[in-house]
Amino acid sequence: FVVRCSLLRRKVLMGMMRTMRSGCYTQVRQCVRLLRVMKHPRRELATKGKDNFIADSGFGSFQSDNVEHLVQVHPSKWPKHIHSSQRDIYDNFFLGKHESSQHHEEAKARELHTLFQNTNDDALDVEKDLARSMFELDLEQFDFLNHGAFGASLTVGTSAATMWRHVQESQPLRFYDRILLPEIVRTMHQFGEVFQVSPTEFSFVQNATTALNAVIQSLVSKLYLEKGNNARILTLDIAYGSVKTMVREMCSRFGLKSNELHIPFPLVQGDDNIVGLMKEYLKEHNAPDVVILDHITSNTALCLPIFELAALFPPETVVVVDGAHGLFQVDLDFARMKKSNINFYITNCHKWLCSPKSVGVVWAGSDIDRNAVHPVIISHGYGHGFTSDFIWDGCRDYAAVLALPAVLNFWEKVHIPTARTHIHMLARMASEQLHVAWGTDEKKLCPPSMHAAMHLVRLPKLNRVLMGGVVGGKAGGEGALSASFVQAMLYNEGVEVPIKDIQGIFYARISAHIYNQLQDYHKLEATVSKWAKF
């Protein structure tokens with residue numbers, strides 16, 4: 001592998017000489033970037049014997065141990081100076097001031113678990129104040145039906161983040177040199193236990209956008225070295241807008257080609273339609289070098305059959321899954337991903353898991369995949385291992401990551417599968433209620449089985465006169481109206497819900513989380529009905 005990288009560096013240098021002679025300095029700059037990426041042809045972990053935590057060849061702070069060692073060993077087996085003394089600083093700071101409130105939150109979480117277990121189709125409106133008191137949301141002024149946008153943070157998480165900021169500012173050197181890195185790794189271990197994934201296989205990042213940039217930039221650079229302009233990347237036209245922008249920009253920089261598979265609506269047969277379209281594409285085209293799939297699409301709220309789609313591609317195709325909406329909203333099976341053809345999975349904690357903003361996760365299924373991806377921000381840990389590459393990207397606020405254990409503890413007491421079943425049921429019932437009220441029940445975009453806690457509900461034809469005319473916004477598919485105008489009008493009525501223009505037809509993308517109840521959708525139903533052309 002080292003010899004191969006040396007030959008590739010030589011190839012890049014020769015390419016630089018040719019492009020300099022031709023005056024193409026844009027490609028010269030790209031070659032320089034590639035050489036930087038290839039600075040570390042492989043990552044060597046220090047040889048670890050029993051209880052050997054010396055940070056001699058890995059990355060740690062001045063006073064904390066090699067994170068590549070810590071991530072491989074459960075915190076209960078860490079040396080005492082890491083396992084106890086540093087944690088005591090936080091425990092004394094946090095529990096000394098908020099122990100009673102923590103016990104209160106735990107009691108409410110257990111009560112919610114009992115309520116959700118007893119919930120049925122006729123009694124979905126569980127204790128309103130109990131669930132809503134656990135969030136920072138202003139639910140007096142708005143019916144908040146747009147959890148899918150940026151999520152909503154649990155108060156137990158924001159309180160923990162605030163405490164970590166106090167710990168940081170009470171002694172910054174102690175925090176950054178002695179506490180921060182081991183505590184991030186400790187959080188990785190707990191996250192791994194909750195979601196049944198090894199902490200060596202993932203890293204925390206600022207958000208899914210950061211992770212996707214890292215993965216896409218790394219893969220495009222690698223493809224350019226190996227295949228030049230012949231490399232191909234495939235996305236779906238229903239992919240998230242910023243991801244399509246990333247792919248276009250990186251392909252433009254390196255001269256690679258990208259294709260988009262068009263997904264026509266309605267999807268009458270659900271998953272079979274998506275899989276069938278991909279099969280037809282692969283019959284007519286060579287398999288791409290990289291394919292980027294959404295797990296749950298943002299604009300259309302579709303749960304895509306990622307395992308069935310990944311199975312269609314040969315092992316040489318790198319499969320990247322944008323799962324920004326996946327964590328908590330659906331059950332993530334990382335073990336199955338590892339056995340399948342999925343190479344990378346990217347998700348967020350601040351959306352459906354309701355952590356403080358913002359925390360993203362980048363998962364890579366094999367050592368080859370982890371060695372292939374490089375962080376967008378290069379810092380001290382670069383080249384020492386997957387965890388070291390991503391754990392530190394400079395001095396910033398890491399409180400959202402450190403608050404994750406409080407959020408995970410809360411959800412473990414509520415019981416994630418029980419809460420997930422509840423919000424799926426609530427979203428489905430709200431969707432059915434709105435479709436019937438608006439007379440669009442027979443005009444659904446897809447079968448309900450393709451939705452989870454977000455649903456697209458088709459709006460009836462709207463009367464712009466009844467809405468007060470059109471003010472601003474670009475023209476959309478529904479006559480002279482625009483989706484942004486309809487959304488703004490609903491906002492003025494105290495309803496926070498996105499309106500999507502899908503192939504010229506307006507849909508409301510409703511979300512459901514534990515703070516929602518059926519009556520939250522009544523104002524949306526009544527307001528749109530008032531504006532409709534019945």
Side-chain angles (χ1 to χ4, degrees), residues 197 201 208 211-212 215-216 218-220 222-223 226-227 230-240 243-244 246-248 250-251 256-327 329-347 362-366 368-370 372-373 445-447 449-452:
V197 56
E201 296 174 4
L212 284 160
V215 171
I216 292 171
S218 299
L219 293 178
V220 169
K222 183 173 181 289
L223 285 173
E226 295 176 348
K227 295 190 173 184
N230 294 320
R232 300 289 185 273
I233 297 180
L234 176 64
T235 59
L236 306 184
D237 66 349
I238 56 175
Y240 191 51
V243 175
K244 293 194 283 188
M246 293 175 209
V247 171
R248 282 196 300 267
M250 289 305 297
C251 288
L256 274 62
K257 294 182 180 179
S258 64
N259 294 323
E260 284 188 6
L261 175 61
H262 174 60
I263 307 296
F265 294 105
L267 299 171
V268 179
Q269 297 177 324
D271 289 353
D272 291 343
N273 285 131
I274 300 285
V275 174
L277 287 166
M278 187 63 77
K279 285 181 177 178
E280 289 300 318
Y281 177 88
L282 293 175
K283 284 181 181 178
E284 300 173 2
H285 302 80
N286 293 330
D289 298 287
V290 175
V291 59
I292 302 174
L293 305 170
D294 284 67
H295 196 173
I296 302 176
T297 59
S298 178
N299 216 35
T300 49
L302 301 176
C303 295
L304 300 187
I306 55 172
F307 294 108
E308 291 80 357
L309 289 171
L312 300 177
F313 296 93
E316 306 82 55
T317 296
V318 178
V319 179
V320 181
V321 178
D322 175 6
H325 287 275
L327 185 66
Q329 187 177 176
V330 293
D331 184 22
L332 298 186
D333 190 342
F334 288 102
R336 186 180 176 188
M337 291 183 203
K338 196 170 182 179
K339 294 176 183 177
S340 72
N341 203 25
I342 295 175
N343 302 84
F344 297 97
Y345 190 94
I346 289 96
T347 190
V362 54
W363 174 87
S366 70
I368 293 175
D369 295 329
R370 288 186 283 277
V373 65
L445 194 75
C446 65
S449 60
M450 290 196 74
H451 293 307

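- Look at Arg370 and Glu201 and you find no salt bridge, because none of the NZ, NE, NH1 or NH2 atoms lies under 4.0 Å from a carboxylate O.
- Scanning both residues, Asn341 and Pro315, for their nearest heavy atoms gives OD1-CA, 3.8 Å.
- Although no hydrogens or angles enter the test, the distance criterion places no donor-acceptor pair under 3.5 Å between the side chain of His325 and the main chain of Thr297.
- Once rounded to the nearest 0.5 Å, the distance linking CD of Gln269 with CE of Met450 reads 11.5 Å.
- With a 4.5 Å cut-off on side-chain heavy atoms, Cys303 and His295 do not count as touching.
- The shortest distance between side-chain heavy atoms of Val291 and Ile233 does not fall below 4.5 Å.
- The nearest pair of heavy atoms linking Lys244 to Ala239 is CE-O, 3.6 Å.
- Across all their heavy atoms, Leu309 and Val275 have their closest contact at CD2-CA, 4.0 Å.
- Nearest heavy-atom pair across Val319 and Ala310 is CG1-CB, 4.2 Å.
- By the neighbour-count criterion of 12 heavy atoms within 6.0 Å, atom CZ of Phe313 is densely surrounded, having more than that number from other residues, nucleotides or ligands.
- For the atom pair Arg248 CZ and Ile216 CD1, the distance stands at 11.5 Å (nearest 0.5 Å).
- Side-chain contact annotation: Asn259 with Tyr281, donor-acceptor N/O pair under 3.5 Å present.
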Subject >> Derivation and outcome, side-chain contact (heavy atoms from CB on, under 4.5 Å), residues Phe307 and Ile342 >> reply: CA-CA 8 Å; Phe307 294 108; Ile342 295 175; 4.0 Å; yes
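- For the pair Asp271/Glu308, no side-chain contact is recorded, criterion being any heavy-atom separation below 4.5 Å from C-beta on.
- Val243 pairs with exactly one of Ile292, Val320, Leu236 by the side chain to side chain contact (heavy atoms under 4.5 Å, CB included) rule, that one being Ile292.
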**OP:** Tell me, with the steps shown, if Val215 and Ser218 meet side-chain contact (heavy atoms from CB on, under 4.5 Å).
**Re:** CA-CA 5 Å; Val215 171; Ser218 299; 6.0 Å; no
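- Here the side chains of Leu445 and Leu267 are not in contact, with every heavy-atom distance at 4.5 Å or above.
- Note that CG of Leu293 is 10.0 Å distant from CD1 of Ile274, once rounded to the nearest 0.5 Å.
- In this structure, the ring of Trp363 has its center no less than 6.0 angstrom from the ring center of Phe344.
- Met278 places a side-chain heavy atom less than 4.5 Å from the side chain of Leu234.
- In this structure the side chain of Lys257 never reaches within 4.5 angstrom of the side chain of Cys251, judged on heavy atoms.
- The minimum heavy-atom distance between Leu282 and Ala287, with the atom names listed, is CD2-CA, 4.1 Å.
- Tested against Val220, the residues Val247, Val290, Leu256 include a single side chain to side chain contact (heavy atoms under 4.5 Å, CB included) partner, Leu256.
- Between Ser258 atom OG and Met246 atom CE the span is 14.0 Å, to the nearest 0.5 Å.
- In terms of the side chain to side chain contact (heavy atoms under 4.5 Å, CB included) criterion, residue partners of Asp237 (sequence neighbours excluded) are, by chain and number, Glu260, His262, Ile263.
- Screening Leu302, Thr347, Val330 against Ile296 for a side chain to side chain contact (heavy atoms under 4.5 Å, CB included) leaves a single residue, Val330.
- A 4.5 Å side-chain heavy-atom check between Lys279 and Leu312 finds at least one atom pair inside the cut-off.
- Within the 4.5 Å cutoff, the side chain of Tyr240 has no heavy atoms near those of the Leu212 side chain.
- Among residues at least two apart or in separate chains, salt bridge (charged side-chain N to carboxylate O under 4.0 Å, His left out) pairs with a member in residues 288-306 are Lys227-Asp289.
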